[in-house]
Structures are given as structure tokens and as C-alpha cells.
Amino acid sequence: MRIEARRLSWGVPDRAIVREVDLVVEPGETVGLIGPNGSGKSSLLRCLAGLRAPTGGEVRYDDADVARWSARARARHVAFVEQTADTDSDLTVGEVVALGRTAHGSPWRGPTATDRAIVAAALDRLDLALLADRPWKQLSGGERQRTHLARALAQRTWGLLLDEPTNHLDVRHQLELLELVATTQQTVVVALHDLALAARYCDRLVLLQRGAVVADGPADRVLTPVLLREVFEVDADVGRDDAGRLAVAYRGPAR
Amino acid sequence: MVVLLLCLLVLVASLVAAVRVGLGGGTGWDEIGRSVGARLGLPVQPLPRLTDSLIWDLRVPRVLLAALVGAALAVCGAALQSVTRNALADPYLLGVSSGASTGAVVVVLLGFAGSQLGMTGGAFLGALVSLALLVLLLRRRGLDSVRIVLTGVVVGQLFTALTSLILMSSGDADSTRALTHWLLGSMAPARWQSVVLCGISAAAGLLVVWLCSSALDGLAFGADTATSLGIDVRTVRTVLLVTTSLLTAVAVAAVGAIGFVGLIVPHGVRLLVGPLHRVLLPLSAVVGATFLVWTDALARVAFAPLEVPVGVFTALLGVPLFLVILRKRGEL
């Protein structure tokens, strides 16, 4: 499925947070959303997920304006993982992942055999099968993050919108998660802080500054010393390592 | 499923046993059997009129009403705890019961004391008004659990004061007695009329809430995640707040404001079967029914011949639990 923003704007009464963003994510593509704190990554993702009604412009899934779609219809097309979604409830890992089936169920009956199989597969995919019965409160930050991603996969959607999914994860799980995200057939928009990882696993990067897109393209054209200095206010060297992967070495805050 | 059936059995046994509790005066199982049997058209020897009336017109509706009210309040508590994402939510603590009391008392004052439907309507309006006030006061502030309960208690106090004022100013000789009833909750005035009304609305309300089970589960992670799961959060919230107000109102109109049932029961049941509402709600209903039937039986006989309002006992049990929950969450 193709996800598209057309001159998309969103904000609170006296402050624009997303400004006239034009963005096209082709089916199966993985796009990394980068930008400093407060650049509007989370808000843009929320608009793309249909959680915020745009104040201007529109969001389209495969050429359909989603503004009038029901929450249920949207949830069958895209899944969304918040940066920190916590609960006081005593749900287990398996029960949280099963929440992903909400939009596919009926109020009259409980989970079907298909639902159970999909949940089991999602748990497997994120290495959580052994933790399925563990209560939420006993999970580490990384386990919670993986549980949310498994829940999003259980939603079986065309699109996947992830807000800094690698937060709290150790290096191994960061790499595993991004590998999963990069190889999935789903259309993915993922906000990331780590520029090198973003460059390595995303097909394309979109750089945001104060709610507007300042660069959009392959990693080597977005992660330039000039743009890094202008947007992130850091001095950095960008080069390639022996294997040809893009490497970002920071010299320090820009002076 | 097995747990639910087991609890249902316990409930039925409790209903029968509770009719017997405190009957005294040589009245026992035999008389109860004959009174109920005669109604079912069985060939039994009829009872003396007074004994029969004591059982069939007072005791049986009282026990059934306790069960219905217990079920309704427990389910309201479970639903409100999920909707407000607050473990301490309960119709009584949020002030909804007090609002319902005020509404019912106003209707009584207007001269419709005999009409259960009129009082329920008044209580429903009162419940909605208090809930609207609560929502208004909490607007733009997060649903922080201490704040929501504090606000609820304040709203409750306001309506309690209004109820007292209205009853006292009516200058009726019975007003003091009536005051205890509305503020503390008592099963004493239970009659068949309220059993029927409560039965119908409890059944409908519980079904509506139960159909929202998966939405209630999905609300655990907040509105954004719930919406992304496909839940129409605004609609679900409205439906549930109105339904719980209605259930609370029906209960309050029949027996006054009984507190803490919605707090005690769902917490206990969650320990038993976990937090998923598809199972939690029906089981809370059954356990809540059993709980209130027994608490009321206790209230009847503990200080016999004096009858203690059942709300006193539910509060005695509920307050310690409230403190335990607060402490567990590190807010005390």
C-alpha cells in the first residue's frame, strides 16, 4: 500500500507543528524519519496513522483520503507503535499482542483459531514466545517495545508506522528489529534517532526541521555535513566504512 | 468458563441461603419452600398470610435486588476503571452515585415518591449531571488517578450536601430516615417493582458493557494506541459513561448510594482471572451479586434487631482496600 501526505499540516491553536509536508512512501518501501527533538516526527506519524485530523492538506492510503475512514478501517490498513505506551493493567505479553486483532474481531465472539495463530506467529517473530505469559509490569523497556511491535505485526496491515522503536533496546535487538522492518513487505515509516542505523536499514531518509521536510532522498544525499550542521547543529564527518556502509562520526556540537 | 459456572452455582445457593438468614421465629427452609412453591403453582400447603408476605413480599425481592444491584455496581466499577484508566474508579468514588441520589430525591420532592420509574429517571439525570461536572472539571488535565478521585470526591460531596439540604428543607417527619437511606444505601425498601425495573436495565446495561469488552481491553494503553487498534475511543467512552450512569442510577433509585462494590469486586476478580474484560465483566457481575447478597444479610443480622444500612458494611470493607491500592501504586 502506498502512503501519501499532501501539503499536510497539523498544529495546536497558536503553533504549527507539522508544516505542509509532502511525502510519498511507495508500497514495500522503508522510509526513515529523522530530525532533532521537537522537529515533528511523532506528530507527522500520528497524522499519517489518522490519529490527528490534519489542519491542512490530507493523508492518502492508495489514493483514498483517510479523513473520513473509521478507526476500524484505518486499523486494518496501518498499525502504529507509539514511543512510550504504558499501562497499569496486568495484561500479559500474549494478551497485549492479541490486542492487535481488535479491528478484526466481532463484539459477539472471542478470539478465533486464526487470531491465535497470528498472535503466536507475531510472538515468534519478535522472540517473545517464551515470555507470552509474563505480566506487563515485569517486562524491561526493551521487552515492552518488542511486545508493541509484535502487537502491530499481529494487526496484519499493509503499512507500519513506528515512533522510535529502537528506544530501550540493546544493540542486538536494535539490529534485529531494524532488519525485520527493512525486510518486511509492509510499507514502513519509522522515526529514528540513530542516523547510522537509519542510513543502513532504510531505503530512503526524510529529514524534518521545525515540522517541515528539508531533505528527502537516499541516505548519502540527506546525511551531508552541511545538513547535519544546519539541522542537528553538530559538526560531523560522513564517510563510508570498508564494507561501503555510510558512517557518521560526530566531532561535537556545532560552534 | 468453569470458574464462571462455579461462581454462578455459589450465587444461586447464596440467594436461597440469604432468604433464610435472619428470618427466625420458627420460620425456616420449609416455609420458604412453601411460599415460593405456591407461587410456582406447586401443590404445597399454603402459609399463614403474614409469614408468606414476609418471605415473598419482603425477603425474596430484597435478596434478588441485592444481587442485581451488586452485579450492576461491580460491572460499572470494572468499566469505569478501564475508561478512566484509573484503578480507583467506582461510581461512588467518582460522585456519580451522589448525583443520582440528588436526582432521585428531587423527584421524590416533586411528589412522585411512589413511582420507581420516575425516581430512576431523576437519578439518571442526576448521575449524568454529576458526570458532566466531573468531565468538565477534569478537562485539559490528564487522568492522573489521585486527581480524578479527588475531583470525584469533591463532586460527590457537593451532591451529598444538596441531597441533605433538599431532604431537610422538605421538613418531612421521615426526612432523617430517608436521608440515611439515600446517603448510605439500604436494601430495606426493596419491593418487586424495583426488582423488575432493576432486572431489565441491569440485563441490558451489562450486555452493552460486555459488547465493549475488546475496546475496554484496548484502552489499557491510552487513547492513541486504542484508536490505532481500530477503537472509536470517543464513541466507546460516551456509550460506556452513559450506560454506567444508567446502571448506577437504577441501583441508586432502588436502594440509595452503596459505595465501594465497584472497587472491591473487580479487583478481586482480576486476581482470579486476569484483566481481559470478556471474562472479567461476567464474573464481576456474578461475584458482585453474591457479595452484596451476603453483605446485606450481614447488615440485617449483625446488630439485630437493629438494621445497619448495607452501605456501612461495604465502606468498612472498601476503605482498607482503597488504601492498599493507593499504597501499591506508590501514591500514599
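Labels below follow one simple rule: chain letters A, B, ... track the order of the sequence lines, proteins then strands, and each chain is numbered from 1.
Atom CZ of A/R60 sits in a crowded spot, with more than 12 heavy atoms from other residues, nucleotides or ligands closer than 6.0 Å. Shown here is A/R15, whose CZ atom has no more than 12 heavy atoms of other residues, nucleotides or ligands within 6.0 Å. Annotation for A/W69: atom CH2 counts as buried by contact number, over 12 foreign heavy atoms lying within 6.0 Å. The environment of CG in B/L136 is crowded: more than 12 heavy-atom neighbours from other residues, nucleotides or ligands sit within 6.0 Å.
In this structure, the portion of A/W136 lying under 4.5 Å from any heavy atom of chain B is its side chain and not its backbone. Neither the backbone nor the side chain of A/T157 comes within less than 4.5 Å of any heavy atom of chain B. The part of A/H148 that comes within reach of chain B is its side chain, from C-beta onward, which places non-hydrogen atoms under 4.5 angstrom from that chain.
The structure places CG of A/D86 at 7.5 Å from CZ of B/R85, a figure rounded to the nearest 0.5 Å.
Residues from residues 217-233 of chain B that place a non-hydrogen atom less than 4.5 Å from a non-hydrogen atom of chain A comprise B/D217, B/G218, B/A220, B/F221, B/D224, B/T225, B/T227, B/S228, B/L229, B/G230, B/I231, B/D232, given in numerical order. Inspection of non-hydrogen atoms places B/P275, B/L276, B/R278 of residues 258-287 of chain B under 4.5 Å from chain A.
In terms of heavy-atom pairs under 4.5 Å with chain B, the best-connected choice from A/A49, A/G50, A/G110, A/S89 is A/G110. In terms of heavy-atom pairs under 4.5 Å with chain B, the best-connected choice from A/R101, A/R76, A/R52, A/R74 is A/R52.
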